[in-house]
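Remember, predicted model here, so these are calculated numbers, not experimental data.
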Amino acid sequence: MARYRFFFSLLAILYATNLSSQENIVPVEASETWANNQHQPEKLMDAIGLKEGMTIADIGAGRGRMTVFFSIRVGRKGKVYANEISETSLEYLKERCKRNNMNNVTTILGRVDNPLLPAGEVDIAFMLMTYHHLDKPVDMMKNTIPCLKKDGVLVVVEHDPERSGETGSEVTSLEKLTREANEAGFEIRNINRELLDRDNIYFLKVKL
């Protein structure tokens, strides 16, 4: 009888361990593999300082490629605001989060000039390859300020024209971002040029 109790206890431990490990598996879709290899989400989250319990706004979340990573990282005590102007993408993301029991994600339909995020709640407002798509970048950044906590930061990840060798609308120069950030009320405090091959990670704080 003792052997049976030991056997069933061991099964229970293995089952619980398996459930715990499944909770930490990020539901990556096949179409996202190439982009994730380029941006290394886990290392990127480390670089921007995202930790359990934080609140992050994924501005331009699309279908949730980064949102699902953020959801796992911040955990049950944290929160993710997934912002989009595309209703179709946002509906897909809602279903994706529901399907994967990601209850810490709130979707927000924004405008081209305003992410419409809740005031004073966000530790990190994040844009990954979104900035160069903005129709009104100055207004968008300006209207991001109210959502940030006192020590909150806006993180912008964009192709560097010099490092990527690319030109045109798919890149953002340091000069352009600096100029528009200053106009919106931000200043660039730090730039990570080491993590990603073609992209810079810009850390922006509200000007005092």
Side-chain angles (χ1 to χ4, degrees), residues 19 21-42 44-45 48 50-149 152-159 169-170 172 184 199 201:
L19 282 180
S21 64
Q22 286 179 350
E23 288 177 354
N24 294 321
I25 295 174
V26 181
V28 174
E29 298 183 351
S31 61
E32 299 168 339
T33 302
W34 183 87
N36 285 341
N37 287 339
Q38 296 295 308
H39 291 126
Q40 306 177 59
E42 295 291 345
L44 183 52
M45 290 188 293
I48 68 174
L50 185 63
K51 296 179 175 63
E52 184 178 0
M54 282 186 165
T55 297
I56 184 168
D58 190 3
I59 299 175
R63 290 158 63 97
R65 179 168 72 89
M66 288 299 299
T67 300
V68 293
F69 281 92
F70 294 155
S71 174
I72 297 294
R73 175 62 69 96
V74 301
R76 295 177 182 177
K77 295 182 179 180
K79 186 177 291 186
V80 182
Y81 289 111
N83 158 271
E84 248 302 326
I85 62 171
S86 166
E87 293 187 56
T88 302
S89 295
L90 213 56
E91 285 302 317
Y92 182 91
L93 178 51
K94 285 181 184 179
E95 288 302 314
R96 183 177 187 179
C97 291
K98 183 179 179 180
R99 187 167 63 247
N100 292 286
N101 297 313
M102 293 182 160
N103 301 316
N104 59 357
V105 177
T106 299
T107 55
I108 295 178
L109 181 65
R111 303 198 308 253
V112 296
D113 63 344
N114 194 329
L116 299 178
L117 294 163
E121 290 193 23
V122 175
D123 295 293
I124 302 173
F126 181 83
M127 299 184 193
L128 174 61
M129 302 307 296
T130 295
Y131 189 85
H132 64 270
H133 289 297
L134 298 178
D135 291 332
K136 298 181 177 181
V138 173
D139 290 335
M140 178 61 87
M141 284 193 287
K142 187 180 296 184
N143 288 321
T144 299
I145 292 175
C147 84
L148 295 173
K149 294 180 180 179
V153 60
L154 170 62
V155 177
V156 177
V157 183
E158 282 286 303
H159 282 340
S169 62
E170 295 297 312
T172 300
D199 308 334
I201 307 170

> Passes side chain to side chain contact (heavy atoms under 4.5 Å, CB included), L50 versus F69? Steps please.
CA-CA 11 Å; L50 185 63; F69 281 92; over 6 Å; no
> One pair to check against side chain to side chain contact (heavy atoms under 4.5 Å, CB included): D199 and M129. What are the steps and the verdict?
CA-CA 9 Å; D199 308 334; M129 302 307 296; 4.2 Å; yes
> For residues E29 and R65, determine if any side-chain heavy atom of one lies less than 4.5 Å from a side-chain heavy atom of the other.
no
> So, do V157 and I48 sit near enough that their side-chain heavy atoms are less than 4.5 Å apart?
no
> Which pair of non-hydrogen atoms, one from T130 and one from G60, has the smallest distance, and what is that distance?
OG1-O, 3.7 Å
> Would you find a donor on one side and an acceptor on the other, under 3.5 Å apart, between the side chain of R73 and the backbone of G78?
no
> Using only atom types and a distance under 3.5 Å, with no angle test, would you say the side chain of T33 pairs donor to acceptor with the backbone of S31?
no
> Look only at the side chain of D123 and the backbone of K149, and say whether a donor-acceptor pair between them is shorter than 3.5 Å.
no
> Is K98 salt-bridged to E95, cutoff N-O under 4.0 Å?
no
> Are side-chain heavy atoms of H132 and S169 found at a separation under 4.5 Å?
no
> My understanding is that only one of I56, V26, N104 makes a side chain to side chain contact (heavy atoms under 4.5 Å, CB included) with F70; could you say which?
I56
> Taking distance alone, no hydrogens or angles, what donor-acceptor pairs closer than 3.5 Å link side-chain atoms of residues 140-148 to residues at least two apart or in another chain?
from	atom 1	to	atom 2	distance (Å)
N143	ND2	D113	O	2.7
N143	ND2	D139	O	3.1
T144	OG1	M140	O	2.7

> On a heavy-atom basis, which atom in G64 and which in E32 lie closest, and how many Å separate them?
C-OE2, 4.4 Å
> Working to the nearest 0.5 Å, report the span between CD1 of I59 and CD1 of I108.
9.5 Å
> More than 12 heavy atoms of other residues, nucleotides or ligands under 6.0 Å from CD of Q40: yes or no?
yes
> Nearest 0.5 Å please: distance from the CD atom of E158 over to the CE atom of M127.
9.0 Å
> I need the minimum non-hydrogen distance between A82 and L93, along with the two atoms involved.
CB-CD2, 3.4 Å
> So do the side chains of V68 and N100 get within less than 4.5 Å of each other, counting heavy atoms only?
no
> Rounded to the nearest 0.5 Å, what's the gap from OH on Y131 to OG1 on T172? Could you check?
7.0 Å
> A side-chain contact here means heavy atoms from C-beta on lying under 4.5 Å apart; do E87 and L109 qualify?
yes
> So do N103 and R76 actually touch side chain to side chain, heavy atoms under 4.5 Å?
no
> Any idea which heavy atoms bring V122 and I124 closest together, and the distance?
CG1-O, 3.1 Å
> As a quick check of understanding, evaluate side chain to side chain contact (heavy atoms under 4.5 Å, CB included) for E91 and T107, giving each step before the final call.
CA-CA 9 Å; E91 285 302 317; T107 55; over 6 Å; no
> Just how far is it from atom CG of L128 to atom CG of L44, taken to the nearest 0.5 Å?
6.5 Å
> Grab the two heavy atoms, one from N83 and one from P115, that are nearest each other, plus how far apart they are.
ND2-O, 3.0 Å
> What's the spacing between I201 CD1 and F126 CZ if we round to 0.5 Å?
7.5 Å
> Using a 4.5 Å cut-off on heavy atoms from C-beta on, say whether the side chain of M102 contacts that of I72.
yes
> Does a salt bridge link R63 with E84, judged by any charged N lying under 4.0 Å from a carboxylate O?
no
